[in-house]
Every structure is written in structure tokens, then in C-alpha cells.
There are 2 protein chains.
Amino acid sequence: MAVQKSKVTIFDVAKASGVSSSAVSYALNGKSGVSEGTRAKVLKIAHELGWKPNGAAQALAKSKTQRIGLVLGYDPKLLAVESYMMELISGLGAELEKHDYSLLVRMAVGEHAKLSIIKDWIATGNVDAMLLVNIELGDPCVTLLEEHTEMPVLAIADASVSGKLSTLSSADADAVHQAVQYLYDLGHRHIARVAGPEMLAHSYIRDSAFSDVATELGMRYRCLHTDYTPETGSEATKRLLSFSEHPTAIIYDNDVMALSGLGVATAEGITVPDELSIMSWDDSFMCTAAYPNLTAMGRDVVGTGMRAAELLLKLIDGEHVGNVMEEPYELRQRGTTGSVPAER
Amino acid sequence: MAVQKSKVTIFDVAKASGVSSSAVSYALNGKSGVSEGTRAKVLKIAHELGWKPNGAAQALAKSKTQRIGLVLGYDPKLLAVESYMMELISGLGAELEKHDYSLLVRMAVGEHAKLSIIKDWIATGNVDAMLLVNIELGDPCVTLLEEHTEMPVLAIADASVSGKLSTLSSADADAVHQAVQYLYDLGHRHIARVAGPEMLAHSYIRDSAFSDVATELGMRYRCLHTDYTPETGSEATKRLLSFSEHPTAIIYDNDVMALSGLGVATAEGITVPDELSIMSWDDSFMCTAAYPNLTAMGRDVVGTGMRAAELLLKLIDGEHVGNVMEEPYELRQRGTTGSVPAER
DNA sequence: TTGTAAGCGTTATCAC
DNA sequence: GTGATAACGCTTACAA
């Protein structure tokens, strides 16, 4: 049972069990073609010898790598400022693990890096399928992958930006409705939003939804875009509060900015939530660590990762997936939102 | 130049250029064995046909996968609560990208999962090298990898826990010195620390260093362990502040807990930094988003990831690495630390 | 300089 | 049921 130094092959197992290499292959893969007796013997010996299939050889013979590809945009700031990606990877990885799949990660650093990594994977066959995240408006990656139907792809995005690709749709639009209605019910009639980068597709989706819902409810709505950092979040907040008739509620696209917004309000002597309500779109540990705890729109990102893994495996099996809805967001009411003051 | 649907092989390139497959291989790999004329022709045709090497075939022939393995402990909370891992991955990935390497990620869910993933990689040869992070005290992974010298490994850890493995050593011990000395110079003589899980090797390293330095300087020092979440951070803070003679400064092992500690102090009417100084060990966006901004011990984690990638590639090339020191931490003084009140 | 052919370790297709 | 043997696509001696 000692761990073998030199790698053992099916030929070694075959010799040790006195059968042919193909018999070994059948036995190990649970296929018919060998008697139960020899199968048992082969399995026993393979285990004793510590045999494991060589990944490269298996991949070459089966044209299956047992790998899912994930391209991350290289912006350490963006990646670090939110726990979204790490949670997604956690769920994805945990689910893939059950099916003997691994996650192959590459960083897209530079201009057309993302596109060329995808091209590379299509040509080299280094992954069995890909997960596409952070789609931008008019993203060329979508077009490329639409053409290459031989590469299974799942997009995590709003269905309106993922073209013909199979999609795990975010519940953003619904959540916007939920959030705005919540503030409306609290009496707010003038709200603002501190959003992420404008070119990100999901920013755009939220932008539109916010505008629509605010109009529908007859509320005043103002939106400023940032790069997700607390600095730009603070700036935006200051600008919003600089008007005498400032909004009575601000929704932030991530929790770091919500936190910095809370700080700005405090520094300017504006009481939260009595004079100003604050909501965060992400619900990370930060929201419960802050004082007062931040009201947030939360969702189960780890669960989304797991769901994505399941769908990817379906796609690899040639099953149809289409457009699947993500679990809805949940409004987690905490200490930074309240009813609007009777008069101002 | 149209993208080929069916994969093109070197034989296709060979036929199209009227040479043999080996000539093509030589030409494409920049090896001697072909005239410059044919090389140019082959390269041109290969490009026109959109040829890219098949990953599995190349891996099988060269016994090189162009992949680095990373095992993450599956605890979405732990992974999400800090940006450390995502930053490390960013740096790692960006540097690997330059050398045509990818990152293969697997989640260790369950008891001995980490160990068996490592065993799997040793046997299947699915990665060329491994990065070992989050080593625990007496970690069996270290022992296993020490035996398998054929698998290049870099540990990111304190050299005292990584055995004979090549190591990128954290500068934790030095940083502890720096932090405590800083508080001492501000007049603090009674400090406390809210630490992470006790079984993590780096917690232990810091534990020891803190004890030593405090003793050396003749300071009172108290330490409580948590699971890194804001809830346990708050609890620990409350306990520390419940004594009439409470510490005048608290250092937290991560920024979420520091933030929650700040909240606890505020809620109890203790002014920061006038009556209590607070420091965070990690410096993420949260520290500059909080109000007041949190003083923190920061370091360039992305840079550490890049350095790790370089060292791993060296190891793969058979070079000696040994024990390399990480860049030192940097004390980033902000609004939550100050001199101790003249009398209490 | 060029082409032929033997690996690399599997899986899959055949006859037997 | 079993065992040769040919793919899989590339690298690399070894011949020509």
C-alpha cells in the first residue's frame, strides 16, 4: 500500500493481474467486457498498486478534460472589493468536486485578453465548458461563443445581454422592484443610487430597472456611477447630500460604498436612519459588522455557484438548458433604513 | 482566416505546407531542425489555418500540463470574509498568464479532502506544481509532500510550519513587533488581540510573537480567539471591554472584526481613538470605507501572489528556492489609533 | 535539412 | 469474455 514513486500504468496493473491492458481498462471503468471475477481481481490489484489514471492520457483519449474554465477580469481592486467572485467560486468548486471536475482559472490582464483566452480554450480544448461572468454591453465574447456551439457555455447575466447562450439569469430586476417598493412604503419619495461602472451589463440592467420603477411609482430618482471603491462612493454621497433638498434614501451597488456613505453621513451630522436611509446591494459580513448594521439586498451567491456547476455539467452532457432564473434576492432589513421624517 | 470548426492538427498543417509533421513541430516550437524558409512557411500556414496545439496531447507527450494547483479549504464564510485569497489568486494568475500557465482550483470539502486532492494530483499528474496555503499545525499535507519530491511545491506560510518544503515566508512576526512597538510608543501598556481560529498555523505564529513582544516590552497582553466573523469579533470585544480596567488598544486579526469592534465601542459610548485604539491586521477597502478610517497593518497580497508564481515556475525548472521572505507589512496609520489618555 | 517512426497512457474497435 | 491493436495529437530520437 506504500505510495508508488514511479507512476503506475494500466500495463503494470495488467501484468500484475495476468490480463491484458484492455481488460484492465474495462474493469476500471465499470464497463462490460470482463467477468466479475477478473474485474474484482483487477480492481484489487489496481488499488494495491495505487493506480490512478494519467490525466493527460485520459483527456487525449476521451477528448474530455474534466475541467471547467473561468476567466476573471484582472482588476485586483474590483475582485477584492466584493466577496461575490470568491463565493461564486466556492459554490462552483464544491459542486464540481462531486463530479470529479476541476476549475481552471485564468486572469484576463489587458485589453483583448478575455477574448483571446476564450479563443485559446476553444482551440486547445483545455476545458470541457466555460462559465462566462461579468459580461459587458456588446461583449464580443458572447458573439464568439455563439458561433462556437461546440463549446458548452453558461453565462451568468441578465438574459438580455447573453444572446443565444444558455444563461443563469440574475434576479436583479425583481430585486430592484422589491427594494424601491420597500422604500416607497416607508414614505420615501426621493431616492438616489450610487452605482458601479456604467459599462458593466448588470449595472445597466439595474439602471434601467431603477428608472422604470421610480417613474412608475412617481418617485424622484437620481443615479451616480462610480468604480466601486469607497473613495468614489464617498464622493458620490457628498455630491448627493450637497443639495438642500437631498434624497431621503440612498442605495449603493456594493457594501463598501454603503459603508463609506454611512461614514460621510455621520461626518456631516446627518443621522442614519432618522434623516437618511441607506441600503447596500450586496450583503457581506461587512453589513453586519458595521454600526449600525446595514440593511441590504442579499442573495445566496454560493448557491448560485452550485447551480451554475450543475447546469454546466448538463450542458456538457448535451442537455438543453436555456434560460434559468437565479434564486430571488432577499431584503434584509437592519438598522440603516427607516421611515422618512414627517416633514423636512 | 475564418475560425476552423473542426480542430486542425499538425498533420493538416504539414500537408498544407508540403512537409512532414515533425518539421511542423520543430518550426512551431522554434527548435532547430528546419530551414528558416520552411519555418516561415509553416508558421504562416499554421496561422492561416488557425492551428493551436491540443492541450491534452501536448501534456501527454511532454509530461507537462502548464498548470499550477491550488486547493482551497471549503468554508465559504472564511473565504468570503477576507479578500486575501482573491488577491492572492489575482497576483498568481496574472503572473502565470505571462508564462502560459493556468491555475487549477479545487475545493476541499470535508475532512480529509485536502490531503486526497493532493494525492490525486501526485498520481494523475494533473498539475506541474502546487501552491500550499493555510497550513494547519501538524498538517499531514506537509508530510505527504515532503515525501513526494517529484512534485514541486511552494508553501505560503511561516517557515517553522512548512518543514522541508520551499517556502514564501510571511513577515508576520516582524509585523507583530512593528505593531506592538507602535502602540507602546503611543503610551499603551495594556493591549489585547482578537485573533482568528487557534488551529491555523499563522494564528499560532502571531500568538507567539505577540506574547513575546508584549513580555519583552513589559506590557499587559490578552488574547481571545474567534472564527473570524463579526459576531464573534463583537463578542470578544464586549468581553474585553467588560472589565473596568480594560485594554487601551485592541488589534484584530481581520478587518471585519475590527469594524465590528469599532461598532461595539461606539455603542458602549467609548470614543475611538480617544479612549480606545483599534487596529486591523488586514488592510482592505473596508478600512478606508469605515468611519473613522481604520489604522491597519497592510501588505501587498497581489504582489505576494506574483512572487509565488515566479517561485513556482523556478521550482518547475528544477531550480532551488528554499525559504524566501515576503515583503514586509506596512503600518498604515489612520483614524482609529491615538495616544493613551494621560490617566484613566 | 528533412522524413519516418516510436513513444506518452488511455480508450475503443476489432477479431478471436 | 478476452486480448491484440489502432486511434488520440504531439514530441523527439533516429534515419535518410
Side-chain angles (χ1 to χ4, degrees), chain A residues 4 6-43 45-46 49-67 100 120-126 128 150, chain B residues 4 6-43 45-46 49-67 100 120-126 128 150:
Chain A
Q4 297 294 121
S6 54
K7 35 219 95 194
V8 354
T9 75
I10 49 168
F11 289 96
D12 299 321
V13 179
K15 207 188 298 171
S17 1
V19 293
S20 76
S21 68
S22 54
V24 173
S25 179
Y26 288 135
L28 292 167
N29 291 310
K31 298 207 169 179
S32 65
V34 279
S35 65
E36 282 313 310
T38 49
R39 160 162 297 149
K41 186 170 65 181
V42 167
L43 286 176
I45 293 184
L49 263 50
W51 176 87
K52 288 242 189 177
N54 174 288
Q58 209 165 35
L60 180 58
K62 300 212 292 198
S63 322
K64 281 269 172 265
T65 61
Q66 301 290 112
R67 266 171 260 136
D100 282 307
D120 182 73
W121 276 343
I122 291 173
T124 61
N126 271 333
D128 292 343
E150 77 274 18
Chain B
Q4 298 294 122
S6 54
K7 36 220 99 197
V8 350
T9 74
I10 50 169
F11 291 94
D12 298 322
V13 178
K15 208 188 300 171
S17 1
V19 294
S20 77
S21 65
S22 56
V24 173
S25 178
Y26 290 135
L28 292 167
N29 291 311
K31 297 207 170 180
S32 61
V34 278
S35 65
E36 283 312 311
T38 48
R39 159 162 297 149
K41 187 169 63 182
V42 167
L43 286 175
I45 293 185
L49 264 50
W51 176 88
K52 287 243 188 176
N54 173 289
Q58 211 165 32
L60 181 58
K62 301 211 292 200
S63 320
K64 281 269 172 264
T65 61
Q66 301 290 113
R67 266 172 259 136
D100 282 307
D120 182 71
W121 276 343
I122 290 173
T124 62
N126 271 330
D128 291 344
E150 77 273 17

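Model, not experiment: these values are computed from the prediction. Note on naming: letters A, B, ... go to the chains in the order of the sequence lines (proteins, then strands), and numbering restarts at 1 for each one.
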Exercise for review: Report the residues that fulfil side chain to side chain donor-acceptor pair (under 3.5 Å) with B:Ser63, sequence neighbours left out, ordered by chain and then residue number.
Suggested key: none
Practice item. Could I get the full list of side chain to side chain contact (heavy atoms under 4.5 Å, CB included) partners for A:Ala16, not counting sequence neighbours? Key: A:Ile45, A:Leu49
Exercise for review: Kindly write out the residues that satisfy side chain to side chain donor-acceptor pair (under 3.5 Å) with B:Ser17, not counting sequence neighbours, or none if the list is empty.
Suggested key: none
Practice item. Can you run down the salt bridge (charged side-chain N to carboxylate O under 4.0 Å, His left out) pairs that involve residues 14-35 of chain B, sequence neighbours left out, and say none if there aren't any? Key: none
Check your understanding: Can you list the residues that meet the side chain to side chain contact (heavy atoms under 4.5 Å, CB included) rule with B:Ala46, with sequence neighbours excluded?
Key -> B:Val13, B:Leu28, B:Trp51
Exercise for review: Can you sort out the partners of B:Asn54 under side chain to side chain donor-acceptor pair (under 3.5 Å), two or more places apart, ordered by chain and number?
Suggested key: none
Exercise for review: Tell me, please, which residues at least two apart from A:Asp100 pass side chain to side chain donor-acceptor pair (under 3.5 Å).
Suggested key: none
Revision key, fill the gap. The helix from C:dT1-D:dA16 to C:dC16-D:dG1: angle between terminal helix axes, five bp per end, to the nearest 10 degrees, reads 50°
Revision key, fill the gap. So, with a heavy-atom separation below 4.0 Å from DNA chain C, the residues of residues 13-25 of chain A are A:Ser22, A:Ser25
Point to revise | salt bridge (charged side-chain N to carboxylate O under 4.0 Å, His left out) against B:Lys52, all qualifying residues, sequence neighbours excluded | key: A:Asp120
Study note, to complete from the structure: So the contacted stretch of DNA chain D, first to last nucleotide with an atom under 4.0 Å from a non-hydrogen atom of chain A, runs from D:dG1 to D:dG9
Give me the distances for all protein-to-nucleotides 14-16 of chain C N/O pairs that come in under 3.5 Å?
none

